[in-house]
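On a predicted model such as this, the values are computed, not experimentally measured, just so you know.
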Amino acid sequence: MSESQVWDDVDTYFVTHLAADDDALAAARRESDAAGLPPVNVAANQGKLLQLLAQIQGARTILEIGTLGGYSTIWLARALPAEGRLVTLEYSARHAEVATRNIARAGLDALVDVRVGPALESLPKLADENPPPFDLVFIDADKGNNPHYLEWALRLTSTGSLIVIDNVVRGGRVADADDTGDDVRGTRAAIELIGSHPRLSGTALQTVGTKGYDGFALARVLT
C-alpha cells in the first residue's frame with residue numbers, strides 16, 4: 001500500500017467518526033464540483049478543526065479570505081452565535097455565486113456576508129467600515145499575497161484574536177530556498193512575518209491526508 005493511500009485511509013477513518021458530512025456540507029461539495037470549481041477546499045476533518053478553533057476562541061466575528069464554494073465558510077459559520085457575523089472575501093464572482101447558494105442552503109445566509117472582488121481591494125473597504133475586531137481570521141486565498149493578507153488581518157483584529165493561514169507547506173517547497181514561485185515566496189514571507197512581528201506569537205504544523213502533504217500556520221495576536 002502506498003504512503004498516500006495510507007494517508008487517505010486514515011483521513012477516511014477520522015472523518016467517518018469525527019467529522020462526517022451532513023446534507024448541507026455534502027451538497028456544498030457536490031455543487032462546487034458540478035460548477036467546475038477547483039478541488040482545493042479544506043478536507044472535512046480540517047473544516048471541523050476550523051470550527052473547533054472558532055468555538056475555542058468563543059468567536060463572534062470571523063473574517064475569511066478566500067471563499068471558493070463556501071465549504072469552509074459553512075464549518076466556520078456554524079461556530080458562531082445567532083448574532084455572530086462572518087465576512088468572506090472571494091475574488092471570483094462565479095465562485096461567489098456557488099458559495100452564496102451553498103451557504104443559503106445550509107441556513108447560514110443571515111450570518112454570512114459574501115463580498116466579491118480582489119481581497120486587497122475589499123480589505124481597505126472593510127476597514128473603512130470600522131468593524132469590531134475579528135476574533136478569528138482564516139486566510140486561504142492566493143498564496144503570493146499571504147504577507148499582505150496577514151498585515152490586513154493584524155489591522156482588523158485585537159488582543160487575543162487568532163489568525164490561521166492554510167497551505168503553508170506547499171508539498172515541502174516552503175523550505176526550498178531555491179524555489180522562487182510566488183506561492184512559496186508569499187508563504188515564506190508570511191511565516192517570517194509571524195516569527196518577527198512583536199504583536200504575534202505563532203507556529204506552523206505539517207499535515208498529510210486526502211489533501212496530500214501540506215500544513216497550516218496559527219498566530220495569536222498579543223497586543
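- Not one N or O on the side chain of Asn146 forms a donor-acceptor pair closer than 3.5 Å with the backbone of Gly186.
- Considering all non-hydrogen atoms of both residues, Ala127 and Trp152 come closest at CB-CZ3, 3.7 Å.
- Annotation: side chain of Leu68 is in contact with side chain of Pro38 (closest heavy-atom distance under 4.5 Å).
- Phe14 and Leu53 sit in two unconnected hydrophobic clusters of ILVMFWY residues. Membership requires side-chain heavy atoms under 4.5 Å apart, directly or through other members.
- A pairwise comparison of heavy atoms in Ala44 and Asp21 identifies CB-OD1, 4.1 Å as the closest pair.
- Counting non-hydrogen atoms of other residues, nucleotides and ligands closer than 6.0 Å to CG of Asp22 gives a total above 12.
- Distance alone, capped at 3.5 Å, is enough to place a donor-acceptor pair between the Arg188 side chain and the Val174 backbone.
- Checked against a 6.0 Å centroid threshold, the rings of His95 and Tyr91 do not count as neighbours.
- The pair Glu151-Arg199 does not meet the salt-bridge criterion, since no charged nitrogen lies less than 4.0 angstrom from a carboxylate oxygen.
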(message) Show, in sequence, the C-alpha distance, side-chain angles and deciding distance for Ser161 and Arg220, and conclude whether the side chain to side chain contact (heavy atoms under 4.5 Å, CB included) test is met.
(response) CA-CA 6 Å; Ser161 295; Arg220 185 172 186 266; over 6 Å; no

(request) Apply the test side chain to side chain contact (heavy atoms under 4.5 Å, CB included) to residues Phe138 and Leu50: give CA-CA distance (whole Å), side-chain angles for both, the deciding distance (0.1 Å), then the verdict. (result) CA-CA 8 Å; Phe138 178 47; Leu50 290 172; 3.7 Å; yes

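- In this structure, the side chains of Phe216 and Asn167 stay at 4.5 Å or more apart for every pair of heavy atoms.
- Between Asp214 and Asp166, the closest side-chain pair of non-hydrogen atoms is not below 4.5 Å.
- Atom CZ of Arg78 sits about 13.0 Å away from atom CG of Leu86, to the nearest 0.5 Å.
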(message) Run Asp142 and Tyr149 through side chain to side chain contact (heavy atoms under 4.5 Å, CB included) and show every step you take.
(response) CA-CA 10 Å; Asp142 54 309; Tyr149 297 146; 2.4 Å; yes

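- In this structure, the separation between OG1 on Thr223 and NE2 on His197 is 8.5 Å, given to the nearest 0.5 Å.
- Each of Ile163 and Leu218 belongs to its own hydrophobic cluster when Ile, Leu, Val, Met, Phe, Trp and Tyr are linked at side-chain heavy-atom distances under 4.5 angstrom.
- Put simply, the side chain of Asp135 gets close to the backbone of Arg60: a donor and an acceptor are under 3.5 Å apart.
- Side-chain heavy atoms closer than 4.5 Å link hydrophobic residues (I, L, V, M, F, W, Y) into clusters, and following such links, even through other members, never connects Val137 to Ile56.
- Formation of a donor-acceptor pair under 3.5 Å by the Lys143 side chain with backbone atoms of Arg170 is not found in this model.
- With contacts defined as side-chain heavy-atom distances shorter than 4.5 Å, the pair Ile65/Leu123 qualifies.
- Of all heavy-atom pairs spanning Val42 and Arg29, the tightest one is O-NH1, 4.4 Å.
- Distance alone, capped at 3.5 Å, is enough to place a donor-acceptor pair between the Asp11 side chain and the Thr210 backbone.
- Taking OG1 of Thr187 as the start and CG of Leu150 as the end, the distance is 11.5 Å to the nearest 0.5 Å.
- The backbone N or O of Asp178 sits less than 3.5 Å from a side-chain atom of Asp176, completing a donor-acceptor pair.
- In the hydrophobic clustering of ILVMFWY residues, with side-chain heavy atoms under 4.5 Å counting as a link, Val164 and Val112 come out together.
- Considering CG of Leu89 and CG of Leu126, their distance stands at 7.0 Å, rounded to 0.5 Å.
- Side-chain contact, Asn45 with Tyr13: no donor N or O sits under 3.5 Å from an acceptor N or O.
- The hydrophobic clustering, which links ILVMFWY residues whose side-chain heavy atoms are closer than 4.5 Å, places Phe134 and Leu120 together.
- Note that the CZ atom of Arg101 and the CG atom of Asp109 stand 13.5 Å from one another [nearest 0.5 Å].
- For Asn145 (side chain) and His148 (main-chain N/O), no donor-acceptor pair under 3.5 Å exists by modelled atom type.
- Judged by distance alone, with hydrogens and angles left aside, the side-chain atoms of Glu90 form a donor-acceptor pair with the main-chain N or O of Thr67 at under 3.5 Å.
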(request) Might you work through the side chain to side chain contact (heavy atoms under 4.5 Å, CB included) test for Leu200 and Leu222, ending with a clear yes or no? (result) CA-CA 6 Å; Leu200 291 172; Leu222 300 177; 5.9 Å; no

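- Counting only distance, with no hydrogens or angles, the side chain of Ser32 and the backbone of Pro39 share no donor-acceptor pair below 3.5 Å.
- Side-chain contact between Thr207 and Tyr213 is absent, with no heavy-atom pair separated by less than 4.5 Å.
- Annotation: side chain of Thr180 is not in contact with side chain of Val184 (no heavy-atom distance under 4.5 Å).
- With Asn102 as reference, Glu31 is the one residue of Arg30, Glu31, Glu97 to meet the side-chain contact (heavy atoms from CB on, under 4.5 Å) rule.
- To the nearest 0.5 Å, atoms OG1 (Thr157) and CG (Leu63) are separated by 9.5 Å.
- The two atoms that bring Gln51 and Ala79 nearest to each other are O-CB, 3.7 Å, heavy atoms only.
- Among all heavy-atom pairs drawn from Leu111 and Gly84, the shortest one is CD2-O, 3.2 Å.
- The two atoms that bring Ile139 and Ala153 nearest to each other are CD1-CB, 4.5 Å, heavy atoms only.
- A donor-acceptor pair under 3.5 Å is formed between the side chain of Gln57 and the backbone N or O of Gly160.
- Under a 4.0 Å N-O distance rule, the pair Arg185/Asp182 qualifies as a salt bridge.
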